[in-house]
Undergrad: 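Have a look at this one before I ask anything.
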Amino acid sequence: MKILIVEDQPRLAQLLKQGLAERAYTVSCADSCRAARDALCDAAYDLIILDLGLPDGDGLDLLREWRRNGFKEPVLILSARDSVQDRVRGLDLGADDYLPKPFSFEELLARVRSQLRRQSEVKDTVIEYRGIRLDLLNQTAHLHGQPVDLTRREFALLEIFMQNPGRILARTLISEKIWASNYDVDTNLLDVYMSRLRAKLEKSQDKAFFKTVRGVGYQLL
Ligand code: CA
């Protein structure tokens with residue numbers, strides 16, 4: 001389970017990181033809006049813990065931007081702003097939970113567990129987008145009702161895009177999800193898989209499903 005902590009107070013960030021790492025979570029930290037943007041482009045997270053008062057902007061603007069761009073990672077706001085209006089605003093903008101500072105670490109842990117649990121429960125088993133239908137339980141793919149024969153890797157690749165339609169996915173992020181994270185993947189391999197996937201999906205279509213974003217990655221249109 002990977003958690004991103006967006007927090008500019010070094011002591012608090014360190015405390016959170018250490019506490020969560022001790023409970024076997026993989027933790028990364030970002031101390032500004034800019035660092036948080038970069039972190040989220042480079043890797044996928046199961047949960048983001050977000051402070052609102054950041055040196056180069058407001059965490060709420062960051063949250064709004066992520067949700068607008070299709071980032072669906074659960075966000076737990078951790079903030080000293082604790083009025084009801086603040087909480088409502090955060091939740092309306094797409095936060096999944098809101099914990100006011102000061103907080104007890106035990107409560108934070110309980111909320112983290114609850115977010116991660118919920119996430120695994122609500123995961124749809126069938127995803128549909130632009131005529132593509134993926135059944136995650138049976139590992140079958142259909143395009144406009146016709147079965148598409150995909151290998152396991154091709155299926156996993158398509159699933160990442162289907163979970164993030166319209167979002168530009170960095171090559172590193174895709175590779176990390178498809179192949180073991182520490183395995184240094186020959187990036188050409190990803191291109192090979194992408195061209196196979198394209199060939200299988202786009203052969204009977206007049207419109208492209210995927211866009212290559214030079215120097216960055218791919219996007220399911
Ligand atoms: Ca702060």
Side-chain angles (χ1 to χ4, degrees), residues 1-123 163-164 166-174 176-177 181-182 216-217:
M1 288 293 182
K2 283 178 77 173
I3 300 179
L4 175 67
I5 298 171
V6 186
E7 170 62 64
D8 62 321
Q9 284 180 38
R11 247 192 89 232
L12 179 56
Q14 189 51 38
L15 216 71
L16 288 171
K17 184 175 183 179
Q18 201 180 333
L20 289 166
E22 276 169 11
R23 280 144 184 103
Y25 296 110
T26 307
V27 185
S28 300
C29 290
D31 60 2
S32 63
C33 292
R34 197 184 151 173
R37 271 188 204 104
D38 289 350
L40 208 54
C41 274
D42 290 345
Y45 292 91
D46 300 297
L47 178 67
I48 299 167
I49 297 177
L50 180 66
D51 176 32
L52 297 185
L54 294 164
D56 56 349
D58 192 316
L60 286 180
D61 293 330
L62 206 52
L63 175 62
R64 186 186 294 119
E65 179 187 310
W66 282 335
R67 293 300 185 241
R68 202 175 42 220
N69 292 332
F71 287 70
K72 295 200 178 84
E73 282 81 352
V75 169
L76 192 169
I77 293 177
L78 197 56
S79 174
R81 298 181 208 160
D82 64 348
S83 72
V84 173
Q85 288 93 323
D86 286 325
R87 295 192 202 197
V88 168
R89 204 160 154 242
L91 295 171
D92 278 351
L93 281 176
D96 298 88
D97 201 356
Y98 200 113
L99 185 61
K101 291 176 183 171
F103 59 93
S104 88
F105 190 67
E106 286 310 312
E107 180 170 9
L108 175 75
L109 277 180
R111 304 245 188 149
V112 166
R113 281 195 300 269
S114 140
Q115 279 307 321
L116 298 175
R117 205 164 44 229
R118 214 177 73 173
Q119 201 181 344
S120 53
E121 279 167 8
V122 297
K123 231 179 189 176
Q163 299 277 16
N164 300 278
R167 175 171 164 185
I168 298 169
L169 298 175
R171 306 176 64 92
T172 47
L173 188 147
I174 302 170
E176 190 186 294
K177 290 228 171 192
S181 54
N182 296 327
V216 183

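In each ligand, atom 1 is the first atom listed, and ligand 1 is the first ligand listed.
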Undergrad: Less than 4.5 Å apart, side chain to side chain, heavy atoms only: is that true for Leu60 and Ile77?
TA: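 Yes - at least one pair of side-chain heavy atoms lies under 4.5 Å apart.
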Undergrad: For Asp58, check salt bridge (Lys or Arg N to Asp or Glu O under 4.0 Å) against everything at least two apart and list the hits.
TA: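 If we apply the salt bridge (Lys or Arg N to Asp or Glu O under 4.0 Å) test to Asp58, skipping adjacent residues, the hits are Arg81.
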Undergrad: So, for Leu173 and Ala44, which heavy atoms are closest and what is the spacing to 0.1 Å?
TA: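 In this case the closest contact between Leu173 and Ala44 is CD1-N, 3.8 Å.
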Undergrad: Inspect the contact between Asp61 and Arg64 and indicate whether a charged nitrogen and a carboxylate oxygen are less than 4.0 angstrom apart.
TA: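 Yes, charged N to carboxylate O under 4.0 Å.
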Undergrad: Quick check for you: within a radius under 3.0 Å, how many protein N, O or S atoms neighbour the Ca ion (ligand 1)?
TA: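 Near the Ca ion (ligand 1), the number of protein N, O or S atoms below 3.0 Å is 3.
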Undergrad: Asp96: what forms a salt bridge (Lys or Arg N to Asp or Glu O under 4.0 Å) with it, not counting sequence neighbours?
TA: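 Arg67, Arg118.
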Undergrad: Could you list the residues that satisfy salt bridge (Lys or Arg N to Asp or Glu O under 4.0 Å) with Glu22, not counting sequence neighbours?
TA: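 Partners of Glu22 by the salt bridge (Lys or Arg N to Asp or Glu O under 4.0 Å) criterion come out as none, since no residue qualifies.
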